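Shown next, in structure tokens, is the structure this report addresses.
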2 protein chains.
Amino acid sequence: MPSGPFDIALIASGDPAECPVRDVLVHFGGKWNTLILLCLGSAPHRFGGLRRRIPHISKRMLTTTLRDLERDGFVSRHAFPTKLPGVEYRITGLGHSFLDPLYGVLVWADGHHADIRRARAGYDVKANGQARELSERQPSTHPTR
Amino acid sequence: MPSGPFDIALIASGDPAECPVRDVLVHFGGKWNTLILLCLGSAPHRFGGLRRRIPHISKRMLTTTLRDLERDGFVSRHAFPTKLPGVEYRITGLGHSFLDPLYGVLVWADGHHADIRRARAGYDVKANGQARELSERQPSTHPTR
DNA sequence: CGGTATCCAGCGTGATACTG
DNA sequence: CAGTATCACGCTGGATACCG
């Protein structure tokens, strides 16, 4: 099924605000979104718990990303009004259903990581070789500034 | 299968350059990457052909994104040295295999678009309501600049 | 046709300090 | 504990002009 063409117009259609797919792709673009979703997918977490499980995230980015995910209905926030504030984040049904396609990407990434690195290395040596070739023949067409 | 937890460390591990998953997620993050991949997935395209099929893309962004995809082995470039330059871009085996997880995401996005919009609208009215409530009680704690 | 070069605005992200 | 406020900065992407 996934082998058929997908309608380009669905993504590229005029107004970006009207595009369904971009709304979703945003959650891949963010640096922390997938991490947080993955964490919450395994179990509910408190704010501090998330910070501990996600190595380099700052409080600010954790907050803003959680707000984003909450806004789009991927996670829900539950604050219990104890003396010291305690807040738990859980994944919603919508968020959970999103884990399936996400895992698909992750599995692919894991399986093809080596291929990508190899392609990249090959491309880079080729690019460097050409640059050297050019600069040897024409010391400076563009005077480097 | 996709229901099991995925190792967070795989994504969050110390050095970002060492992370396999981020290498792939980059291709979702870019504004044009998925569009181009989708186009080339249906058939090989010339540079100009891609520009025509992807509404608002500039020459610069088309070039840079194609280079990115080429570097990572998703597409290949074939220039035939005719009088007027002609260049064809094709999707590679690696790129084609990536279409499967990509379609997974796209299908999900299409199916849950309405849910996201609804969640977003609900969140926004709630946020606005709270803001109004606050400003009515305390005219200006922070003098708004 | 298929690009490069250059400049620039905006946004995403990080660091730090303060708050209830 | 769970944030918010503020500033700084780099990178992405857009506009424009030029090139072989």
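Lettering of chains follows the sequences in order, A, B, ..., and the numbering in each one begins at 1. Hydrogens, waters and symmetry mates are skipped; everything else that's a heavy atom, side chains included, is used. If you're wondering where the values come from, they're calculated on a predicted model, not measured in any experiment.
Rounded to an integer number of Å, the gap from Phe47(A) CZ to dA2(D) P is 7 Å. Here dG3(D) presents its P atom at 10 Å from CZ of Arg46(A), a figure rounded to the nearest Å. Going from atom CZ of Arg22(A) over to atom C1' of dT12(D) covers 13 Å, rounded to whole Å. Atoms CD1 (Ile54(A)) and C1' (dT13(C)) sit 15 Å apart, rounded to a whole Å. Atoms NE2 (His27(B)) and C1' (dT12(D)) sit 16 Å apart, rounded to a whole Å. One can place CZ of Arg51(B) at 12 Å from P of dG14(D), the figure rounded to the nearest angstrom.
A distance of 13.5 Å separates NZ in Lys59(A) from OG1 in Thr64(A), rounded to the nearest 0.5 Å.
Partners of Thr34(B) by side-chain contact (heavy atoms from CB on, under 4.5 Å), not counting sequence neighbours, listed by chain and number: Leu25(A), Phe28(B), Leu102(B). Ala79(A) is linked by a side-chain contact (heavy atoms from CB on, under 4.5 Å) to Arg77(A), Val87(A), counting only residues two or more places apart in sequence or in another chain. Among residues two or more places apart in sequence or in another chain, the side chain to side chain donor-acceptor pair (under 3.5 Å) test is passed with Thr92(A) by none.
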Before you tell me yes or no, could you show the steps for His27(A) and Phe74(A) under ring-ring contact (aromatic ring centres under 6.0 Å, His included), namely the whole-Å CA-CA distance, both residues' side-chain angles and the distance that decides it to 0.1 Å?
CA-CA 10 Å; His27(A) 296 295; Phe74(A) 286 75; 4.5 Å; yes
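Between Tyr89(A) and dC1(D), a side-chain N or O to OP1/OP2 separation shorter than 4.0 Å is absent. One finds no side-chain N or O of Lys83(A) lying less than 4.0 angstrom from the OP1 or OP2 phosphate oxygen of dG20(C).
The two residues Arg90(A) and Pro44(A) have their closest heavy-atom pair at CG-CB, 3.8 Å.
Look at Asp68(A) and Arg71(A) and you find no salt bridge, because none of the NZ, NE, NH1 or NH2 atoms lies under 4.0 Å from a carboxylate O. In summary, Arg117(B) and Asp23(A) engage in a salt bridge, as defined by a charged side-chain N under 4.0 Å from a carboxylate O.
The backbone N or O of Lys31(B) lies less than 3.5 Å from a partner atom in the side chain of Arg22(A), making a donor-acceptor pair.
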Protein-to-nucleotide contact annotation, 5' to 3' order, nucleotides 15-20 of chain D [B base; S sugar-phosphate only; - none; under 4.0 Å, heavy atom]
B----B
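Between Ile54(B) and Ile36(B), the closest side-chain pair of non-hydrogen atoms falls below 4.5 Å. Two residues are said to be in side-chain contact when any heavy atoms from C-beta on lie closer than 4.5 Å; Trp32(A) and Leu62(A) fail this criterion.
A heavy atom closer than 4.0 Å to some atom of DNA chain C occurs in Thr63(B), Arg67(B), Arg77(B), these being the qualifying members of residues 61-81 of chain B.
Rounded to 10 degrees, the angle between the two end axes of the helix from dC1(C)-dG20(D) to dG20(C)-dC1(D) is 40°, with five pairs used at each end.
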